[in-house]
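A, B, ... follow the sequence lines: proteins, then strands. Residue 1 opens every chain.
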There are 2 protein chains.
Amino acid sequence: MNHDRRSQRTRQAITDALIELMVDQTYNTITVQEIIDRANVGRSTFYSHYADKDALLSSVFEQFGKELELTSTRAYQLLPIRELFEHVAENHRQFKAFLWGSGTDFLFRAVHGHLDIHFEKRLQEKLGEEKPPVLVKMVAHHITGVLMTLIQWWLDEKKPFTPEEMDTYFHQLVVPGVEQMFGIRL
Amino acid sequence: MNHDRRSQRTRQAITDALIELMVDQTYNTITVQEIIDRANVGRSTFYSHYADKDALLSSVFEQFGKELELTSTRAYQLLPIRELFEHVAENHRQFKAFLWGSGTDFLFRAVHGHLDIHFEKRLQEKLGEEKPPVLVKMVAHHITGVLMTLIQWWLDEKKPFTPEEMDTYFHQLVVPGVEQMFGIRL
DNA sequence: TTCAAATCTGAACACTTTGTTCAATATCGA
DNA sequence: TCGATATTGAACAAAGTGTTCAGATTTGAA
């Protein structure tokens, strides 16, 4: 009665096909035909799993977001940046595909949503209730932005620094500004 | 012999139509039909001016980039951030359209290209030749990233701060980090 | 091994969008 | 007014989208 695994495999094949295609092509230019050809899947099968090409992309992001979360929930400090960069390095191909082929938008919006909240909480813990919430939100957004920007740059430039170095640079660039802004030590 | 003005007007109408449509819709979902309907322009006219919908978008960005440059070339310090935010506020509708409807990618890539170089030069002036060029590039990219992120946030949140305040915050967030990174005073 | 449920297949279909072509029409400066 | 240039819109082929459905395949459970 449980044929889920078969579906699962099919979905995985479709997902993988999209990611592979995004390595060389922009999301917009990819057709459903190309996806199902590469995934070796029938047209109607595709549409029985996903309403849309966009629905597929969303689900890829979702899955991706969960992986990211696994990395970032074992968080001590601001964020385990070194581990994050290591994760990025391991999934180099996937990240590249997203950052180049997909519309960064989609990814940026999604990741911002998650991480903004994470950083906002951490900041609130450090600050108590004394600072204006809008300002805290802005700074949280800022921190996420820096992180995303650095990851993007790092991959574009073919990882000229190690994850450890990126960790160091990230903290050097971000921490003094935030400390100055709120008059605290992080 | 010079019927340029007529063409000019037509192009402007098309450009404006796209921007207006991007206020409510994503670039991808906009059809050429919608554009020419709103611009009151014939189908063949559109294609005699632009090869593509993408070509149109590029040209819009180009024009847009020039406006930005006008603002940012009268640069003393790192960048006249207050004036920049004022410019953004004045062209609120346009920026919103770009940041929401267009694929931030396109814009981000384009703007990064311009501003990265600007900041890289400014940094080099301050630093002399002593620092590794990759590092300087990274920090320049970082500065641009912060700027873009803050602008995006500011518009999404419906401008909760004045341009002056955003100027202050930008400098508070960015300057200490860069100073710490390079061991200098900006 | 057998069987029924779940899943996949692929061809056929109507529909939308794209980009081209071209003869007719409109506009502008001289 | 004339002539060069720009615009128009209808017609067209090509490509892609999303749906439908009858038949084939795969699966786990008996």
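- Look at E125(A) and K121(A) and you find no salt bridge, because none of the NZ, NE, NH1 or NH2 atoms lies under 4.0 Å from a carboxylate O.
- Around atom NZ of K131(A), more than 12 heavy atoms belonging to other residues, nucleotides or ligands sit under 6.0 Å away.
- The separation between I30(A) atom CD1 and dA15(D) atom C1' is 17 Å, rounded to whole Å.
- For the pair F46(A) CZ and dT19(D) C1', the interatomic distance rounds to 14 Å; values are reported in whole Å.
- Atom pair I35(B):CD1 and dT18(C):C1' shows a separation of 12 Å (rounding to whole Å applied).
- Atom CD in Q25(B) sits roughly 14 Å away from atom C1' in dT17(C) (whole-Å rounding).
- The backbone N or O of D54(A) sits less than 3.5 Å from a side-chain atom of Y27(A), completing a donor-acceptor pair.
- Within the structure, every side-chain polar atom (N or O) of S7(B) is placed at least 4.0 Å from both OP1 and OP2 of dT5(D).
- Taking atom CD on Q12(B) and atom P on dT7(D), their separation rounds to 14 Å, with Å as the unit.
- With rounding to whole Å, Q33(B) atom CD is found 11 Å from dG9(D) atom P.
- Residue-to-nucleotide contacts include no donor-acceptor pair under 3.5 Å from the side chain of R6(A) to the base of dT27(D).
- At dT20(C), none of the side-chain N or O atoms of Y47(B) fall inside 4.0 Å of OP1 or OP2 (strictly under the cut-off).
- Contact annotation: R5(B) side-chain N/O to dA6(D) OP1/OP2 distance is not under 4.0 Å.
- Counting any heavy atom pair closer than 4.0 Å across all strands shown, R9(A) reaches sugar-phosphate atoms only and no base atom.
- K53(A) NZ: more than 12 foreign heavy atoms inside a 6.0 Å radius.
- Residues meeting the salt bridge (Lys or Arg N to Asp or Glu O under 4.0 Å) test with E165(B), sequence neighbours left out: none.
- A cation-pi geometry, defined here as NZ or CZ lying under 6.0 Å from the six-membered ring centre and within 45° of its normal, does not hold between K159(A) and F85(A).
- Remark: K137(A) pairs with E120(A) by the salt bridge (Lys or Arg N to Asp or Glu O under 4.0 Å) rule, at least two apart or across chains.
- The distance from atom CD of Q8(A) to atom P of dA6(C) is 17 Å, rounded to the nearest whole Å.
- As a whole-Å value, the separation of I36(A) CD1 from dC8(C) C1' is 12 Å.
- Residue H49(B) places at least one side-chain N or O under 4.0 Å from the OP1 or OP2 atom of dT7(D).
- Contact check of residues 37-45 of chain A against DNA chain D (heavy atom, cut-off under 4.0 Å) returns R43(A), S44(A).
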